[in-house]
Amino acid sequence: MKLRFLSLFLVLICALSGAVAAQQGPLRIEITEGVIEPLPFAVPSFQPESAESGQLAGDISRVVSEDLTGTGLFREVPASAFISTISDFNAPVQYADWKAINAQALITGAVNVQGNSVSVKFRLYDVFSGAELGDGLQFSGTTEGWRRMAHKVADAVYSRITGEGAYFDSRVAYVSETGPKDARQKRLAIMDYDGANVQYLTDSGSIVLAPRFSPSGDRVLYTSYESGFPRIYVLDIGSVQRRVLESAEGTMSFAPRFSPSGQTVVYSLTQGGNTDIYTMDIASGQSVRLTNTPAIETAPSFSPDGGRIVFESDRSGTQQLYIMSATGGEPTRISFGEGRYGTPVWSPRGDLVAFTKQNKGRFHIGVMRLDGSEERLLTASFLDEGPTWAPNGRVIMFARETQGAGGSSTLYSVDISGRNLRPVRTPEGGSDPSWSPLQK
């Protein structure tokens with residue numbers, strides 16, 4: 001059964017240089033270059049198991065399909081091509097009918113709504129081997145949270161077929177932007193990874209920048225200019241209550257990120273015209289200075305194990321990337337290509353650093369190994385900036401600004417291979433995205 005899925009993906013990526021390894025567990029794919037022919041799948045509308053379930057059954061199956069096709073790895077076989085229909089979740093699958101329309105994977109599901117409660121169950125089938133791939137699963141929750149259950153189904157399907165970690169059941173904090181370029185109104189917002197369920201966390205009365213999720217996904221750090229100069233705030237998403245992280249009078253604090261423990265913040269502080277990197281214990285407010293040079297040093301980001309920090313600095317004369325111990329000390333430069341590098345962020349897998357690069361009048365989102373090797377530019381435009389990683393380390397989201405007085409900022413996502421560049425829908429313009437961990 002799983003060997004059959006392995007053979008299907010070997011056909012899909014035979015033109016790539018990435019290695020594919022068969023294991024006892026799920027298939028694992030590393031896409032390094034080239035173009036993949038998406039795997040055809042069918043997802044008949046999930047079956048309603050109560051009188052109230054009809055609308056949600058159709059909606060949930062559509063979100064599952066959108067999640068999978070949005071990765072660029074899957075292609076949905078349209079319902080107009082179906083020979084068989086699924087009228088009973090427990091009925092035997094007519095594999096020959098699905099094989100005839102070249103559906104290589106089949107997803108069936110059922111939805112039961114009782115009042116404000118909903119349960120969703122699904123099964124995944126390998127059509128060509130004629131067997132179920134893994135065990136069926138069931139998720140339960142409220143009708144208001146139906147999209148989360150759809151994302152959980154899609155996550156399970158995606159992980160079983162690709163071997164990659166899940167990422168659909170996650171959220172993104174970002175800066176929502178409205179108004180003309182020279183009078184832009186900004187406020188913090190949070191949404192599902194695909195742009196649904198937008199919730200505004202602040203008003204547009206002052207400039208806000210760089211929201212950053214906590215490792216637990218329940219808090220957001222951000223920088224606000226409401227006092228007239230930049231200060232760092234921590235906001236509880238559930239209660240929308242916030243507090244300022246105090247810094248010495250006459251200083252400016254900005255570019256914060258949580259440590260993996262969520263108990264410490266790393267940030268930049270400007271005092272007397274000098275900008276260095278500090279850490280702060282959130283509970284006590286005690287700060288430790290990590291760098292002490294005349295250079296501008298900012299945009300710090302912890303490694304997943306909390307032991308190191310990557311940051312940008314112009315200590316070499318141009319804006320470059322460096323890695324140092326989380327306790328400070330002499331850093332190691334890792335960027336050596338042409339142009340300037342900034343806004344580094346460590347991959348949740350720990351193997352790559354994403355960054356913004358400016359070179360020859362163009363901006364790029366790129367990734368590199370921790371020693372600076374294998375630099376790969378994923379995008380190019382008038383202005384691309386501010387990468388953030390999906391929870392599985394497979395996809396990057398960033399902001400793209402268009403040129404001219406009427407230009408606007410839009411969120412985009414791209415696979416780390418450079419494939420599948422696509423806009424992320426938001427009600428207004430968006431910038432400074434920060435991807436949350438998977439929701440609990």
Side-chain angles (χ1 to χ4, degrees), residues 26 38-39 41-48 53 55-76 105-113 116-124 133-174 189-199 213 216-218 237-238 348 388-397 411 413 415 420 422-427 433-440:
L39 183 145
F41 74 98
V43 53
S45 186
F46 285 11
Q47 291 301 296
S53 306
Q55 181 66 46
L56 277 189
D59 291 343
I60 289 171
S61 53
R62 285 303 84 214
V63 170
V64 171
S65 173
E66 290 168 3
D67 283 347
L68 295 174
T69 55
T71 67
L73 299 175
F74 299 85
R75 173 177 60 83
E76 185 181 13
L106 172 67
I107 305 160
T108 66
V111 177
N112 191 327
V113 175
N116 192 43
S117 299
V118 58
S119 63
V120 180
K121 53 188 176 183
F122 83 97
R123 292 188 177 116
L124 172 63
L133 186 62
D135 296 327
L137 292 176
Q138 179 169 312
F139 304 105
S140 299
T142 66
T143 52
E144 290 82 3
W146 68 268
R147 289 185 64 90
R148 280 202 62 196
M149 284 178 277
H151 293 322
K152 285 179 177 293
V153 171
D155 272 332
V157 172
Y158 171 82
S159 294
R160 287 182 186 182
I161 295 178
T162 69
E164 297 282 353
Y167 74 96
F168 304 130
D169 185 27
S170 60
R171 297 189 289 179
V172 173
Y174 69 103
I190 189 172
M191 64 182 183
D192 294 352
Y193 97 99
D194 57 359
N197 293 328
V198 173
Q199 173 190 354
F213 263 107
S216 56
D218 60 346
I237 294 173
T388 182
W389 290 94
N392 67 352
R394 176 81 250 174
V395 181
I396 291 173
M397 193 176 294
L411 300 184
S413 65
D415 187 274
N420 201 38
R422 59 201 304 263
V424 179
R425 60 177 183 264
T426 55
S434 174
W435 218 314
S436 80
L438 283 176
Q439 298 191 73
K440 305 296 185 183

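Along the sequence shown, residues carry numbers from 1. As the structure is a computational prediction, the values presented were derived from the model and not from experiment.
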Next on the checklist: Does either side chain, that of D415 or that of N420, offer a donor lying less than 3.5 Å from an acceptor on the other one?
Outcome noted: no
Checklist entry - Between R147 (side chain) and A196 (backbone), is there a donor-acceptor pair under 3.5 Å? => result no
Item to check | Single hit among W389, F213, Y174 for side-chain contact (heavy atoms from CB on, under 4.5 Å) with S434 | outcome: F213
Checklist entry - Got a donor-acceptor contact below 3.5 angstrom from the S170 side chain to the S436 backbone? => result no
Item to check | Between S53 and N112, a side-chain donor and acceptor under 3.5 Å | outcome: no
Checklist entry - Does CG in D135 sit with more than 12 non-hydrogen atoms of other residues, nucleotides or ligands closer than 6.0 Å? => result no
Item to check | Any donor-acceptor pair under 3.5 Å from S65 side chain to S61 backbone | outcome: no
Item to check | Mutual orientation of the aromatic rings belonging to F122 and F139 [parallel < 30°, tilted 30-60°, perpendicular > 60°] | outcome: parallel
Checklist entry - Does the D67 side chain pair with the main chain of D155, one donor and one acceptor, at a distance under 3.5 Å? => result no
Item to check | Nearest non-hydrogen partners of L137 and A156, listed with the distance | outcome: CD1-CB, 4.2 Å
Item to check | Side-chain (S117) to main-chain (T142) donor-acceptor, under 3.5 angstrom | outcome: no
Checklist entry - If every non-hydrogen atom of T108 is compared with every non-hydrogen atom of F46, which pair is closest and at what distance? => result C-CE1, 4.0 Å
Next on the checklist: Using a 3.5 Å distance criterion without hydrogens, assess whether the side chain of T388 forms a donor-acceptor pair with backbone atoms of W435.
Outcome noted: yes
Item to check | L133/I161 under side chain to side chain contact (heavy atoms under 4.5 Å, CB included): CA gap, chis, key distance, verdict | outcome: CA-CA 9 Å; L133 186 62; I161 295 178; 4.2 Å; yes
Checklist entry - Of the non-hydrogen atoms in M149 and S140, which two are nearest, and what is the gap between them? => result SD-C, 3.7 Å
Next on the checklist: Ring-plane angle category for Y193 and F168, please: parallel below 30°, perpendicular beyond 60°, tilted otherwise.
Outcome noted: tilted
